[in-house]
Number of protein chains: 2
Amino acid sequence: MRVSKKAATIYDIAQLAGVNPSTVSRALTTPGRINAKTEAKIRAAATELNYRVNPFARALPTGRTKMLAVMVADITNPVFFDVVRGAESAAAEEGYTLVIAESQESSINEADALERITPAVDGVILATTRLDDQTIQGLNRQKPVVLVNREVENVSDVVPDNLPGIKEAVEHLAANGHKHLAFLSGPSASWINIARWEALLKFAVAYGMTIVEIGPNEPNLEAGSKAIERIQASGATAVFTYNDLMGIGLLRAAAERGIKVPKELSIIGFDNIFGSDFTTPPLSTIALPLVQVGRNAVEAVLRQLDSNEDVVPHGSDLQTAFILRGSTGQVKA
Amino acid sequence: MRVSKKAATIYDIAQLAGVNPSTVSRALTTPGRINAKTEAKIRAAATELNYRVNPFARALPTGRTKMLAVMVADITNPVFFDVVRGAESAAAEEGYTLVIAESQESSINEADALERITPAVDGVILATTRLDDQTIQGLNRQKPVVLVNREVENVSDVVPDNLPGIKEAVEHLAANGHKHLAFLSGPSASWINIARWEALLKFAVAYGMTIVEIGPNEPNLEAGSKAIERIQASGATAVFTYNDLMGIGLLRAAAERGIKVPKELSIIGFDNIFGSDFTTPPLSTIALPLVQVGRNAVEAVLRQLDSNEDVVPHGSDLQTAFILRGSTGQVKA
DNA sequence: ATTATTTTGGCAATCGGTTGACAAAACTAT
DNA sequence: ATAGTTTTGTCAACCGATTGCCAAAATAAT
């Protein structure tokens, strides 16, 4: 067994400083409560002993662990990179530590992982959860929950406004002569998938275009590639994919079959993930302010924790935006 | 404040089952210690109350938290995601939870974050740390440490063998008529950077080629792009970049200047990150078995934890491999 | 039937902090 | 100088589990 001269405790400090342990606790946690000189002495002793508060000992009476959980469906999905990054930095600023868990796109794993982690954290951020509304509401009764890209009644969320980005994108296609659109959809249980579809539907109709949904599909490269036949069969000249990963898959499949993008087919993804501009042509996409989403999610959790509000009102000032790159263009003459 | 009917404790179970709390603890943690019938009754009560052990209460007497920390330099660097993924799944299998912290490529942040997290975990995995050897050895005295892609005396590590992949790559270049190589190096403090350079040097010389080091550089896209002039000036016909990110940056800069890859310049990255095959041409690279690296790192930590070994011997059976894609080819006639 | 042995479960101390209640000390005001 | 207030630090209970020790109960052996 690692011997590791075990960490100093407040009792060690108390002895060194010649005061009671509870005085040490007060000096360290409630500045001002204790006489300045005594506090200085205690702080000096703490420094000398290289004291670090034992987070578990503290968590026991207070119930606060200073940890937040982020649940993601797939840790290798680049969408999460930025969300996690934003969350990480916001959490660190407030002295919180992030715990990241992965559900591997399965609601069973997700429930499991959540059960393991929930007791250990002060709040939970669910990014692309597959849980049903009831489960989420139940969880929210135990610990503050914030949803990313999903809305559930009585649960806080951070959902950038879909409409601006989708509107711009549809406008762009209309301006380039497209008449027939397709949406290569993602998991049917995905709230954001439905939200995207509904917004697309609305704008396509508004601009006098037809649109069909092709799916559901797994939200990955492979599913994007495999869909090429159905896309072609649909007669659509432009296709939105549920996410960039699928868009990239589709781009590849098109290249393999000699289908020219954007000449014969325009492709627009969602998310603007890392690497979406590495492709040839670079993928046009509807970008989410992912870093800010992560930050806002942490803030929302902490707000619930600090205040006694049970629910933070829906809605955020975050917006999507269309990023025009090379995978979209004029419809074939 | 969230009311949350507070979680059931072993005392609640004890009352419901009509036994002593310590009996509950034994029944739940030491199967067999308690009469089967009593244990069944206790388990039933636990299930009925939806009991979850409070990890903090448990951690206090045992000192074990069932959590492991993974420290990464940059959470947006795709290299880490596979490592984290591997680590996550290995940890989950053993009932451990991963805590991920980011140093943002700064040794000060890293020391800070480590100080915050170390008391809360049973072991630490350092991926691309910027800490110096002494600090790492000091940390290793407190908690088991496993290094990824770095070696420090008396500290365990997981380092795939560089040589096979580099050898293959250099051979490939030699077979294609290259005579002058360059290595676009990464951070000078990076152990793996030095290891890669030394291996390249060795094989370049062995195959009768010249090689120069160009750097140090930040390990990101931008630094790769900015290096294009120096690469050209060096007269090298093939360049290895410290990582794929830099290789992709270089690829882009080359495209912008009309330099044909691989006709005029061959480029080989390291790591085989997500997206390295999205580029045009797709990037040839030296792949690390990153997922397995993550898994092995967790295993190494747990081995130290379970046994009383203080150090696990260096070396692993993991290897690098050259992945031939489109960014390398025959030297210009 | 009695003693020896093994199981089983309860008691109580412990981990390292936090915090309400309270008394001693210090300070203020009259 | 005395009573009234405020400040400061101590005491002790508590958070929820774990675990060594021990006695009671059950079982086995003679």
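Excluded from the calculations below are hydrogen atoms, water molecules and symmetry mates; all remaining heavy atoms, backbone and side chain alike, are included. Please read all numbers here as calculations on a predicted model, not as lab measurements. Just so it is clear: chains get the letters A, B, ... in the order the sequence lines come, proteins before strands, and each one is counted from 1.
Checked for salt-bridge contact, A:Glu39 and A:Arg43 meet the test: a charged N lies under 4.0 Å from a carboxylate O.
What separates CG of A:Asn35 from P of C:dC27 is a distance of 9 Å, to the nearest Å. Atom NZ in A:Lys41 sits about 8 Å away from atom P in D:dG9, given to the nearest Å. The CG-P distance, from B:Leu28 to C:dT8, rounds to 17 Å in whole Å. Distance CG (A:Asn20) to C1' (C:dC22): 13 Å, rounded to an integer number of Å.
When heavy atoms are screened at a 4.0 angstrom cut-off, B:Ser25 is found touching base atoms of the nucleic acid.
Closest to the side chain of B:Pro61, out of D:dT18, C:dG9, C:dG10, is D:dT18. Listed nucleotides: C:dG17, C:dT18, C:dG9. Nearest to the side chain of A:Thr62: C:dT18. Closest approach to the B:Thr23 side chain among D:dG9, D:dA17, C:dG9 is made by C:dG9 (side chain taken as heavy atoms from C-beta onward). Here the nucleotide nearest the side chain of A:Ser22, chosen from D:dT10, C:dG17, C:dG10, is D:dT10. Distances from the side chain of A:Val53 to the nucleotides D:dG9, C:dG17, D:dG16 place C:dG17 closest. Considering only side-chain atoms of A:Val19, the nucleotide from D:dA17, C:dG17, D:dT10 that sits closest is D:dT10.
Applying the 3.5 Å distance criterion, the base of C:dG9 shares no donor-acceptor pair with the side chain of B:Arg26.
Applying the 4.0 Å criterion to OP1 and OP2 of D:dC14, one finds that B:Tyr11 has every side-chain N and O outside that range.
Annotation: of the two residues near DNA chain C, A:Val24 and B:Glu39, the 5′-most nearest-nucleotide partner is B:Glu39.
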